[in-house]
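A short write-up of the structure that comes next.
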Amino acid sequence: KQVGAYLASQEELKGKVITALAYPAVLFVISMSVLIFFIVKIVPTFADIFKSFDLKLPAITQLIITVSGLLVNNLPLILISIAGGTFTLKGYLATEAGQFSKAKFLFAIPFFGDFMKNIQVERLLTTLCTLIESGVSILNAITVLEGVFTDNKIFEQALKGVKSDVATGKSISAAFKKTGQFPPLVVEMMWMGEESGKLPDILGTLSIFYREQVDQFIRRFTSIIDPIMVVFIGGIVGVIVLSIFMPIFQLSQLGSGGG
């Protein structure tokens, strides 16, 4: 029953995270695709028109046309570079060094780093609590945790150190503290749980706290990402449209003057 509840809890959290990140990601990809189409297909058409009239273009218009020209003229090279870079990065991330770099990068991302770490801490606490409550010894529980965190080399390596220290007689709180990878709150509460003999209860309370931290971040993120994306994409599109209409306005003034 406990294992079933644990699995359901982890799947629910995973679903929330995926849902929170999927919508802005899809919106960004679609917006960027439309933007690239506009720059590659629409801008060159207007560039030819402006060139035929020998207009002195505003700096912003000239910049957009230059970027458009670079993309159009070097599109095959750009696509090959992207494909090569993706293949190289995928190969690197498959190595142990690459997995360490990935974990460090995820934890260091501004605004998102703490969120990513909280997800991992919540998973660790929930798993450890479930295992201990199911009668698994501390040492065996940490061994299981190592397998759970094969996708995060920082935590996996830290847990190897924890297991080694616990095996030699160190307390679990001291072993976790020694790694330097876990929040002070977790270490202090583990110590309190050991001293009081209520470690599973403390771990359960901590896991709920970190689950709420994750849920709170998701709620805030989903509430602010829409206006941010609208302003960001709208601003870029607005600049491009303005850069196109400024020379058109010049042409209309020339036409009026000629008339």
Side-chain angles (χ1 to χ4, degrees), residues 1-25 102-138 140-159 162-163 166 171-173 175-177 179-226 228:
K1 186 177 179 181
Q2 287 177 327
V3 174
Y6 162 75
L7 293 174
S9 170
Q10 291 302 296
E11 283 301 312
E12 181 188 3
L13 180 60
K14 184 179 178 181
K16 286 181 180 179
V17 173
I18 291 173
T19 301
L21 299 180
Y23 171 69
K102 176 186 173 183
K104 287 178 183 177
F105 173 75
L106 289 176
F107 287 167
I109 300 174
F111 186 66
F112 276 99
D114 288 342
F115 169 64
M116 294 295 181
K117 192 161 191 174
N118 284 345
I119 290 175
Q120 301 301 323
V121 170
E122 188 278 337
R123 183 160 63 131
L124 182 147
L125 292 168
T126 303
T127 305
L128 186 57
C129 176
T130 302
L131 290 169
I132 295 173
E133 287 182 339
S134 299
V136 180
S137 69
I138 295 290
N140 287 337
I142 295 170
T143 302
V144 172
L145 280 175
E146 276 188 71
V148 171
F149 284 94
T150 53
D151 60 341
N152 188 302
K153 288 299 177 183
I154 290 178
F155 271 32
E156 184 187 29
Q157 186 182 59
L159 288 166
V162 170
K163 184 175 73 171
V166 170
S171 68
I172 188 171
S173 59
F176 268 81
K177 183 178 181 178
T179 67
Q181 295 297 336
F182 302 100
L185 175 64
V186 170
V187 174
E188 290 169 12
M189 294 296 283
M190 279 183 173
W191 178 81
M192 289 176 60
E194 288 176 308
E195 291 295 307
S196 64
K198 296 181 178 179
L199 183 59
D201 294 337
I202 295 292
L203 292 174
T205 301
L206 267 177
S207 69
I208 291 171
F209 170 78
Y210 277 96
R211 168 65 69 95
E212 298 216 353
Q213 292 292 303
V214 171
D215 286 344
Q216 187 179 69
F217 179 92
I218 290 173
R219 286 194 298 271
R220 289 177 177 174
F221 176 73
T222 51
S223 67
I224 66 172
I225 191 61
D226 280 355
I228 289 175

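Just so you know, these numbers use all the heavy atoms, side chains as well, and skip hydrogens, waters and symmetry mates. Residues: numbered from 1 along the sequence shown.
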Is a side-chain donor or acceptor of Q181 paired with a backbone partner of I154 at a separation under 3.5 angstrom? no
Taken in chain and number order and not counting sequence neighbours, the residues that satisfy salt bridge (charged side-chain N to carboxylate O under 4.0 Å, His left out) with K177 are none
Run the numbers on Q216 and R219 for side-chain hydrogen bond (donor to acceptor under 3.5 Å, both in side chains), then give the verdict. CA-CA 5 Å; Q216 187 179 69; R219 286 194 298 271; over 6 Å; no
Heavy-atom nearest pair, V187 first then F182, reads CG2-O, 4.4 Å
With sequence neighbours excluded, tell me which residues meet salt bridge (charged side-chain N to carboxylate O under 4.0 Å, His left out) with K117. none
Looking only at non-hydrogen atoms, find the nearest pair between I224 and F111 and report the distance. CD1-CZ, 4.2 Å
Quick check on K102: does its NZ atom have over 12 non-hydrogen neighbours (other residues, nucleotides or ligands) under 6.0 Å away? no
Using ring-ring contact (aromatic ring centres under 6.0 Å, His included) as the criterion, list what pairs up with Y210, not counting sequence neighbours. none
Holding to salt bridge (charged side-chain N to carboxylate O under 4.0 Å, His left out), I want the full list of residues that pass it with D215, two or more places apart in sequence or in another chain. K16
Please name all residues satisfying side-chain hydrogen bond (donor to acceptor under 3.5 Å, both in side chains) with E195, sequence neighbours left out, ordered by chain then number. none
Could you give the distance from CE (M190) to CG (L206), rounded to the nearest 0.5 Å? 7.5 Å
Look at the aromatic rings of F112 and F115 and report parallel, tilted or perpendicular, splitting at 30° and 60°. perpendicular
For the OG atom of S196 and the CD1 atom of I202, what is their distance to the nearest 0.5 Å? 5.5 Å
How long is the span from the CD1 atom in I225 to the CZ atom in R220, to the nearest 0.5 Å? 15.0 Å
Decide if atom CZ of F105 counts as having more than 12 heavy atoms of other residues, nucleotides or ligands within a radius under 6.0 Å. no
Drop me the distance from I132's CD1 to L199's CG, to the nearest 0.5 angstrom. 4.5 Å
Check the pair F176 / L124 against side chain to side chain contact (heavy atoms under 4.5 Å, CB included), numbers first and verdict last. CA-CA 12 Å; F176 268 81; L124 182 147; 3.9 Å; yes
Give the minimum heavy-atom separation between C129 and P200, together with the two atoms involved. SG-O, 3.3 Å
The residue among L145, L128, T143 that forms side-chain contact (heavy atoms from CB on, under 4.5 Å) with L159 is L145
Give me the one residue out of E212, Q213, R211 that meets side-chain contact (heavy atoms from CB on, under 4.5 Å) with F209. Q213
Which residues pass the salt bridge (charged side-chain N to carboxylate O under 4.0 Å, His left out) test with E146, sequence neighbours left out? K163
